Structure formats: C-alpha cells, structure tokens
Amino acid sequence: MKNLRGFIPIAIAGVLALGLSGCADSTTSSPGGDAAAQTATKAPADPKAALAASTKELANGNYAFTASSPGADAEGMVHTASKSAALAIDTKTEGFKFKLEMVLAEPDRWIRMTTGGKSILDEKAAPDTWFHVDTTKLKKGGDFDLDVTKPDILYVGAMVDAVTEVTGDAHTVTGKLDATKIGSGDAFLDTDSVKDMGAAASALPFTATLDDQGRLTKLEIDAPKTADEAAGKWTVTVSGYGEQKAQTKPSGTVKEMSSAQLEMFNS
C-alpha cells in the first residue's frame, strides 16, 4: 500500500466507488427478490465457476467491508443507491500511526484525521472534529478525488479475475493468483505493492470463502515481505449485502476545510 487510493477503496483505495442514481435511504435488496435468492443458493459446484460468480453481488453496491494488510486496517460500507459511503483506516506502520475517517454523501465529503488523540488537520480542534471538503477545490487524480462510479471499490473482482489456480468447492476455494494482472493503483492490492513483491507476486496463495448464496464473504491472500511491509495476510471481508443505509452529514462539530488544509491533499 503506497497511498490512500491504493488501500481500499478502501481507500478507501480507489475508495468508495458509487454510481447508480437516486437517493433512497432505505435498505435495498437483490434484484429479483426471492427468485434471485433461490437462484443464488444454487452456487456452481465447480470451484472456478463458483469463485467467478461470487463477486457479482458487489455490483449492487450495497454492502459492508473490512480490509487488512500488514500496513493498515480499514472498514467501511457502500450504499450506491444514495451515492454515499463511509470509510475508516488505521495505519499499523511503525513510527507514525494515524486514523483516517471519511463520510461521502455526494457531492459532499467529510474527513477526520487523528493521531495520538489529536487532530492532524487542526491542532486547535478537538479530535472528534469533522472537516467538510469543497470537492470543487480538490485536485483531479489526488487521494481524495475519489471515483464514485464503481461499486466494487476494492477491486475485488479484479483480484478474482487474476486467479490462475483453483481447487475446492462451492464454499471454500483455494489456489493462487497473479497479482500483476490486477493492474490498478487504486486497488486494495495496488500496483506499487505488487511491484515490491517481485516475482512472488505472480503466484500468491489465496483462500476465498463463499456463503450459502454463493456470495464472497472473505478473500485472504498470503503476501511476501517487501521493503515497506512485512510478510502477512492481505484480507478482505464482505458482509451486510443489501442491508446498508444512506450516509449523511456526520453529527458533532463540523468545520470547513481551509485552503491550506486542502493544499496538503492536493500537493
């Protein structure tokens, strides 16, 4: 993970990719209702087909997730129907640890960054203070110029597409994936991290867990040590399919992000 966009989206990693129109704030369900659910329970017996089908529900853009790498942990949710999402990232690197929290409710964004119980954005502000971002002032392509058109914010589908070896059944799939084929700096397992893994990146062991409806609930990838990160697990979990709520302005103290603060993210 080289930057915020390279961790989720998570982080958000191409974070928080949303796209459907509308602003419903109620929970949504899978298209087709009970019929779709009945179809989903008949997961393909072939592990390769089961794994390929397991990420389709992500396209509905209504789920919660966690993501973890040797360098950071993240959690969040996506509610595409309302073009809203939420994300929190905790770094685990030595020397400097911080927490980033973000709420998106298009076209607005609110950010909170803390370290050691203090606000990083404003040393005079209470640590629970949120800062509203004027998105028209964000640099295109910057860490917080987040693409809100794709519901698979962690590029889980791309990781599954990179699978080269598969064994298992309709519920537990193991094998290897070629991370060099993921091809996105915005993915959870981003291109810079993959490059640092060297030749080992082309055959990373993985384990995927699917629920009774054939939906992906966990993807765990074993990664080698790199110059920046220790060897360990890169893990994504997905839950709460169809159960998320629209996000709105966070409660508590909210301040407008200053030009100087924005420059920090635009530089």
Side-chain angles (χ1 to χ4, degrees), residues 1-25 28 58-65 67 72 74-91 98-115 119-155 184-188 190 192 244-267:
M1 183 184 71
K2 296 299 184 183
N3 50 52
L4 296 175
R5 296 174 66 82
F7 188 69
I8 321 89
I10 121 147
I12 224 144
V15 183
L16 307 181
L18 316 171
L20 301 180
S21 60
C23 55
D25 59 3
T28 61
L58 295 175
N60 290 329
N62 189 318
Y63 60 89
F65 66 86
E75 63 179 343
M77 56 76 62
V78 177
H79 190 264
T80 301
S82 63
K83 295 185 179 180
S84 67
L87 171 74
I89 300 174
D90 280 290
T91 66
F98 73 93
K99 183 171 186 176
L100 163 68
E101 298 168 90
M102 186 185 305
V103 174
L104 290 82
E106 289 300 316
D108 295 299
R109 289 165 202 176
W110 296 268
I111 297 172
R112 183 161 64 187
M113 297 178 69
T114 55
T115 183
S119 172
I120 295 176
L121 295 173
D122 185 347
E123 62 180 10
K124 296 181 180 180
D128 60 351
T129 302
W130 289 92
F131 291 84
H132 175 258
V133 179
D134 181 350
T135 55
T136 65
K137 296 180 181 179
L138 283 177
K139 177 183 177 181
K140 294 299 181 183
D143 285 342
F144 294 106
D145 177 31
L146 304 176
D147 181 0
V148 291
T149 64
K150 303 179 183 69
D152 183 4
I153 66 177
L154 298 181
Y155 287 69
S184 175
D186 289 342
F188 166 53
D190 64 298
D192 284 340
Q244 306 310 304
K245 301 283 188 179
Q247 297 295 291
T248 58
K249 177 182 177 181
S251 59
T253 303
V254 177
K255 292 186 175 182
E256 195 67 21
M257 187 170 286
S258 68
S259 297
Q261 291 167 336
L262 280 169
E263 183 59 29
M264 179 174 65
F265 299 120
N266 287 333
S267 60

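Just so it is clear, the structure is predicted and the values come from calculations on it, not from any experiment.
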Distance check, rounded to the nearest 0.5 Å: [X] atom [atom1] versus [Y] atom [atom2]?
X	Y	atom1	atom2	value
H132	K255	NE2	NZ	15.5 Å
L104	T135	CG	OG1	9.5 Å
M77	L87	CE	CG	11.5 Å
D90	E75	CG	CD	8.0 Å
Q261	I120	CD	CD1	11.5 Å

**OP:** Apply side chain to side chain contact (heavy atoms under 4.5 Å, CB included) to the pair L262 and F131, showing each step before the final yes or no.
**Re:** CA-CA 10 Å; L262 280 169; F131 291 84; over 6 Å; no
If I compare all heavy atoms of [X] with all of [Y], which pair ends up nearest, and what's the gap?
X	Y	answer
S82	A246	OG-CB, 3.3 Å
S119	A126	CB-O, 4.1 Å
P151	G61	CB-CA, 3.6 Å
I89	A72	CG2-CB, 4.2 Å

When you measure from the side chain of [X] to the backbone of [Y], do you find a donor-acceptor pair of N or O atoms at a distance under 3.5 Å?
X	Y	value
T91	F98	yes
Q247	V103	no
R109	M102	no

Could you check whether any side-chain heavy atom of [X] comes within less than 4.5 Å of a side-chain heavy atom of [Y], counting everything from C-beta outward?
X	Y	answer
D134	E256	yes
T80	N60	no
L121	W130	no

Original post:
Is atom CD of E123 surrounded by more than 12 heavy atoms (other residues, nucleotides or ligands) closer than 6.0 Å?
Top reply: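 Open.
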Original post:
With sequence neighbours left out, what residues match K249 under salt bridge (charged side-chain N to carboxylate O under 4.0 Å, His left out)?
Top reply: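 Checked K249 against salt bridge (charged side-chain N to carboxylate O under 4.0 Å, His left out); zero matches.
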**OP:** I would like to know whether T129 and D122 meet side chain to side chain contact (heavy atoms under 4.5 Å, CB included); could you show each step before the answer?
**Re:** CA-CA 9 Å; T129 302; D122 185 347; over 6 Å; no
